[in-house]
A.B. asks: 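Before I ask anything, here is the structure I am working with.
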Amino acid sequence: MIKISFPDGRVKEYPVGVTAHEIALSISEGLARNILSAKVNDQVIEINRPIRSDSRIQLLTWNDKEGKSTFWHSSAHLMAEALEAIYPDTRFGIGPPIENGFYYDVDLGGKTLSSNDLQAIENKMNELARQNNPYIRQEISKADAIAYFTERNDPYKLELLQDLEDGQISFYSQGKFTDLCRGPHLPNTGLIKAIKLTSLAGAYWRGDEKRQQLTRIYGITFPKQKELDEYLLMLEEARKRDHRKLGQELELFMFSERVGAGLPIWLPKGTALRQRLEDFLKQEQINRGYTPVITPHIGHKNLYMTSGHWEKYGADSFQAIHTPREGEEFLLKPMNCPHHCEIYGHKPRSYKELPLRIAEFGTVYRYEQSGELHGLTRVRCFTQDDAHIFCTPDQVKAEFLNVLDLTMHVIRKLGFEHFTAQISLRDPENKEKYIGSEENWIKAESAIIEATKEAGLETITELGEAAFYGPKLDFMVKDALGRSWQLGTIQVDYNLPERFQLEYIGSDNSKHRPVMIHRAPFGSMERFIGVLTEHCAGKFPLWLTPEQYMILPVSDKYIEYARIVNQGLRSQGLRGDIDDRTESIGKKIRDNELRKIPFMLIVGEKEQEQGQISVRKQGSGDQGSVSINDFMSMIRQEL
RNA sequence: GCCAGUGUAGCUCAGCUGGUAGAGCAGCUGAUUUGUAAUCAGCUGGUCGGGGGUUCGAAUCCGUCCACUGGCUCCA
């Protein structure tokens, strides 16, 4: 007998060679039906693999991330089987599960697929799934594996095999398909009930653009048709909320080929929205001791040689602007920090001035490859809600905590309930990629880790994701559809103060080097507004939205009264207008509904007589008639 | 930047295998004076992304540049 311990701490005895499926069965039949794979001593294995020694076990179902991964990994194999059946010359790259589904990179021998072909593949997958074929694991020697794929003339699998050690190689087969694979897999294909191949794309073999381009086929599968239907509905909802679509419909921003790709143009309504957002943060920052500054949009090349940005990014930036007579070189600023370092350095600083918090809504220009541009979330010109805090090493943690507090306040105010923080540290394997001393890096990394711990923030830590000049903390928010977005960022920097030779006179009357903290709670105004638009589906909070109300006279006869109401509301600080078109009231309601106006105020004979307005609220319809004062107190809590 | 796809009126889209453009909405004009998601009629509007080529003839075929979309790679 062996001892199996469960996540809840219970320990039960089972015969040697027991499988996860048998263990599940001993608990309940329902569990045995739903179990997809099992985590045994931190390794995920299939549910029919014998367990031969005392182990910790966690039974994985569709509700576990790793259970889904098993499901999708097996689905990738199923897709490969279908592809091989339809296109026998297919060679296979890799086919992993991803966050939502799976993909397989394949070489179709010059054949290009179109989205019409996906349906045929999907049909074949369904047919093969119904055969309910078992996934069979086979351990195989490296020599035999090489022989197998040599015979099948598959260079990709042969290359993968090179990196694997003999004795640790396994094949998985289902139906007529066999693949090199670590596993684990589902017991059989019949569990895969609902299949959708979602998209097609090119992908380089091993992510290297100098190598063969393969066809990547994305798909997603579910154990129940209903779950697929819900997923497709969610995708549909995401399409409706796309900020590029809503931005156009609500006239927030535009792009122009003539102005240039990736250069957003803010229309009046988008500008109103953005300025409100900026004003909110500016006020919040003044309350917290920040000092606003303004700096130019370009800077001398020497500035970026000093900062190190030229060395690191010069070749991949917009190229220098030359003055015609002197031949000087200027760069469009890709960051605000070098300018802010100059502000710090323009006079001798005392420790009594620190922390010095310099804030600027600074517009920066970065060359992004043409294929990267995407709506407002990836652009070549954007405005950071930037600030740099110069402080003593002793103040770092306290300042970091202040910034954490500001950031969380701002994110919550904008209606994001769920967020986590990612701590990005150096890649310990590639320390030469980073600028700055070992000692400084250790100091910076521990300051971040300690501060987030004290703030009680939920964090994940990623090695190798740090900026080249220092470690950072990124805020990830979850939007209304459960999608994660990276927004604000906080970065500790011991490097730039060094490069700019920044100093302050300490209480000991000698010179010290300040520490710099870069931070941007929104990140960029463009990206933030893009994400916010999708989060609230274009129905912005009342305090932000460009137009809070629209007065709809029932007919032209009541325009005069509408003007009086409008004046009353504006004098109370509300934003809105009169829809004075000669249209039916139904038409006006429809149009303003589509424009996502929060309040429609309908005025006709009744209202005029009683000095009231009939309130129609976005999302909940007719609210009845009230006086202007009652309306004001009704909405005041939302402002 | 790379791969694939797309580009027709302000917006959404039609236009089969080449015979030089069409609808709905929006806009304008007129009628209607309207009570909680589209009143009716008429009219205007396009060098079919740009500039080339093939052809008697190109929105349609070919190559090129630009932009957009989905990926890949990148992201201070």
Side-chain angles (χ1 to χ4, degrees), chain A residues 103 105 112-115 198-218 239 242 244-245 248-249 251 254-263 304 307-314 316-317 333-338 364-375 377-380 382 384 386 435 465-470 472 486 489 491 493 495-496 518 520 524 527 552-559 581-595 600-607 614-618 620-625:
Chain A
Y103 66 81
D105 284 347
T112 49
L113 288 183
S114 77
S115 36
T198 47
S199 66
L200 270 174
Y204 301 105
W205 173 234
R206 308 201 114 176
D208 181 346
E209 65 178 282
K210 291 183 185 66
R211 306 201 61 184
Q212 174 82 24
Q213 175 126 21
L214 305 176
T215 303
R216 175 169 297 181
I217 308 172
Y218 286 90
R239 265 193 289 278
D242 192 318
R244 293 166 300 181
K245 182 174 144 66
Q248 184 188 50
E249 285 172 5
E251 296 185 334
M254 61 171 274
F255 290 91
S256 149
E257 268 188 52
R258 249 199 288 266
V259 172
L263 303 173
Y304 301 102
S307 71
H309 291 107
W310 174 256
E311 182 195 351
K312 182 85 179 171
Y313 294 101
D316 294 320
S317 297
K333 76 174 168 188
M335 303 212 69
N336 302 300
C337 32
V364 297
Y365 304 85
R366 296 180 184 178
Y367 169 74
E368 302 286 355
Q369 302 185 88
S370 57
E372 307 302 334
L373 302 173
H374 180 94
T377 57
R378 195 78 186 270
V379 289
R380 285 175 170 167
F382 60 95
Q384 297 177 311
D386 213 357
I435 291 175
E465 291 292 311
F468 79 92
Y469 54 76
K472 61 180 181 178
Q486 191 213 304
T489 178
Q491 310 183 354
D493 186 353
N495 175 54
L496 275 186
H518 311 245
S524 98
R527 184 178 168 81
L552 317 187
V554 167
S555 82
D556 291 354
K557 288 187 237 162
Y558 311 104
I559 288 182
R581 296 174 303 163
T582 307
E583 289 288 354
S584 70
I585 192 70
K587 170 73 166 169
K588 290 184 192 177
I589 287 169
R590 179 182 154 79
D591 286 350
N592 288 290
E593 200 71 57
L594 292 174
R595 290 165 66 197
M600 279 179 245
L601 309 173
I602 293 156
V603 294
E605 191 178 358
K606 269 190 312 210
E607 288 75 16
S614 170
V615 178
R616 184 187 162 99
K617 189 179 180 183
Q618 180 182 63
S620 39
D622 193 351
Q623 309 288 299
S625 289

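Lettering of chains follows the sequences in order, A, B, ..., and the numbering in each one begins at 1.
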A.B. asks: Would you say H374(A) places a side-chain N or O within less than 4.0 Å of OP1 or OP2 belonging to G70(B)?
C.D. replies: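 Affirmative; the distance criterion is met.
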A.B. asks: Is U6(B) paired to anything, Watson-Crick or G-U wobble with both distances less than 3.5 Å, and if yes, which nucleotide?
C.D. replies: A67(B)
A.B. asks: Can you tell me the pairing partner of G57(B) across any strand shown, Watson-Crick or G-U wobble, with both distances under 3.5 angstrom?
C.D. replies: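 The base-pairing partner of G57(B), which may sit in any strand shown, does not exist here.
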A.B. asks: Across all strands shown, which nucleotide pairs with G1(B) by Watson-Crick or G-U wobble geometry, both distances under 3.5 Å?
C.D. replies: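 Pairing partner: C72(B).
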A.B. asks: Quote, to the nearest angstrom, the C1' distance that separates U20(B) from G30(B).
C.D. replies: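 The answer is 35 Å between these two C1' atoms.
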A.B. asks: Between R366(A) and A76(B), is there a contact of a side-chain N or O with OP1 or OP2 at under 4.0 Å?
C.D. replies: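 Checking A76(B) against R366(A), no side-chain N or O comes under 4.0 Å of OP1 or OP2.
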A.B. asks: Do I602(A) and V615(A) have side chains that get closer than 4.5 Å, going by heavy atoms?
C.D. replies: no
A.B. asks: Going by heavy atoms in the side chains, are Y304(A) and P334(A) under 4.5 Å from each other?
C.D. replies: yes
A.B. asks: Could you tell me the Watson-Crick or G-U partner of C40(B), where both distances fall under 3.5 Å? Say none if there is no partner.
C.D. replies: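 Partner of C40(B): G30(B).
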A.B. asks: Give the nucleotide from the list G27(B), U33(B), G1(B) with an atom nearest to the side chain of Y204(A).
C.D. replies: G1(B)
A.B. asks: By the 4.0 Å heavy-atom rule, please label F255(A) as base, sugar-phosphate, or nothing.
C.D. replies: nothing
A.B. asks: Return no unless some side-chain N or O of S370(A) is found under 4.0 Å from OP1 or OP2 of G1(B).
C.D. replies: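 For G1(B), OP1/OP2 do have a side-chain N/O of S370(A) under 4.0 Å.
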A.B. asks: For C11(B), which nucleotide in any strand shown is its Watson-Crick or wobble partner with both distances under 3.5 Å?
C.D. replies: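 Base partner found: G24(B).
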A.B. asks: For C13(B) versus G51(B), give the span between their P atoms, rounded off to a whole number of Å.
C.D. replies: 25 Å
A.B. asks: Distance criterion of 3.5 Å, no angle test: do you see the side chain of E465(A) paired donor-to-acceptor with the base of C75(B)?
C.D. replies: no
A.B. asks: What nucleotide, of A76(B), U34(B), C72(B), holds the atom closest to the side chain of K557(A)?
C.D. replies: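 It is U34(B).
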A.B. asks: So what does L373(A) hit on the nucleic acid, given a heavy-atom distance under 4.0 Å: a base, only sugar-phosphate, or nothing?
C.D. replies: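 Sugar-phosphate contact only.
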A.B. asks: Write down the distance separating the C1' atoms in C28(B) and G63(B), rounded off to the nearest Å.
C.D. replies: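 Roughly 43 Å separates the two C1' atoms.
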A.B. asks: When only distance counts, do a donor and an acceptor, one from the side chain of Y313(A) and one from the base of C75(B), lie under 3.5 Å apart?
C.D. replies: no
A.B. asks: In whole Å, what separates the P atom of C11(B) from that of G50(B)?
C.D. replies: 15 Å
A.B. asks: For A203(A) and G371(A), take the nucleotide of RNA chain B holding the closest heavy atom to each; which residue's nucleotide lies nearer the 5' end?
C.D. replies: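 It is G371(A), whose closest nucleotide lies nearer the 5' terminus.
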A.B. asks: What nucleotide, of C74(B), U33(B), A76(B), holds the atom closest to the side chain of S317(A)?
C.D. replies: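 Nearest to the side-chain atoms of S317(A), counting from C-beta on, is A76(B).
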A.B. asks: C43(B) and C3(B): how far apart are their P atoms, nearest whole angstrom?
C.D. replies: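 These two P atoms come out 49 Å apart once rounded.
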A.B. asks: Are Y218(A) and C72(B) close enough that a side-chain N or O sits under 4.0 Å from OP1 or OP2?
C.D. replies: yes
A.B. asks: Quick check: on RNA chain B, is the nucleotide nearest G375(A) upstream (toward 5') of the one nearest Q384(A), or the reverse? Name the residue that is more 5'.
C.D. replies: G375(A)
A.B. asks: Please give the nucleotide sitting opposite G18(B) as a Watson-Crick or G-U wobble pair, both distances under 3.5 Å, or none.
C.D. replies: none
A.B. asks: Pick base, sugar-phosphate or nothing for H518(A), based on heavy-atom distances below 4.0 Å to the nucleic acid.
C.D. replies: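 Answer is nothing: H518(A) stays at 4.0 Å or more from every strand.
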A.B. asks: Report the base-pairing partner of C48(B) (Watson-Crick or G-U wobble, both distances below 3.5 angstrom), or none.
C.D. replies: none
A.B. asks: Would you please say whether a donor-acceptor pair under 3.5 Å links the side chains of D493(A) and H518(A)?
C.D. replies: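 Yes - a donor-acceptor pair under 3.5 Å links their side chains.
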A.B. asks: When all nucleic acid strands are considered with a 4.0 Å heavy-atom cut-off, which category describes K606(A): base, sugar-phosphate, or nothing?
C.D. replies: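 Touches a base.
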A.B. asks: Could you tell me whether D622(A) and K617(A) make a salt bridge, using a distance below 4.0 angstrom between a side-chain N and a carboxylate O?
C.D. replies: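 Looking at K617(A) together with D622(A), the answer is no, because their closest N to O distance does not fall below 4.0 Å.
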A.B. asks: Exactly one of Q618(A), K588(A), R616(A) should register a side-chain hydrogen bond (donor to acceptor under 3.5 Å, both in side chains) with E593(A). Which one does?
C.D. replies: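 The single option meeting the side-chain hydrogen bond (donor to acceptor under 3.5 Å, both in side chains) with E593(A) is R616(A).
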A.B. asks: Classify the side chain of R258(A) versus the base of C66(B) as yes if they form a donor-acceptor pair under 3.5 Å and no if they do not.
C.D. replies: no
A.B. asks: Should the pair R378(A)-E372(A) be classified as a salt bridge under the 4.0 Å nitrogen-to-oxygen rule?
C.D. replies: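 Between E372(A) and R378(A) there is a salt bridge, with a charged N closer than 4.0 Å to a carboxylate O.
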A.B. asks: Can you build the contact string for nucleotides 36-51 of chain B? Use B for base contact, S for sugar-phosphate-only contact, and - for no protein heavy atom under 4.0 Å.
C.D. replies: BBBB------------
A.B. asks: Which nucleotide in the set U12(B), G35(B), A76(B) lies at the smallest distance from any side-chain heavy atom of Q248(A)?
C.D. replies: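 Nearest listed nucleotide: U12(B).
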A.B. asks: Among G71(B), G35(B), U69(B), which nucleotide has an atom closest to any side-chain atom of R244(A)?
C.D. replies: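 Output: U69(B).
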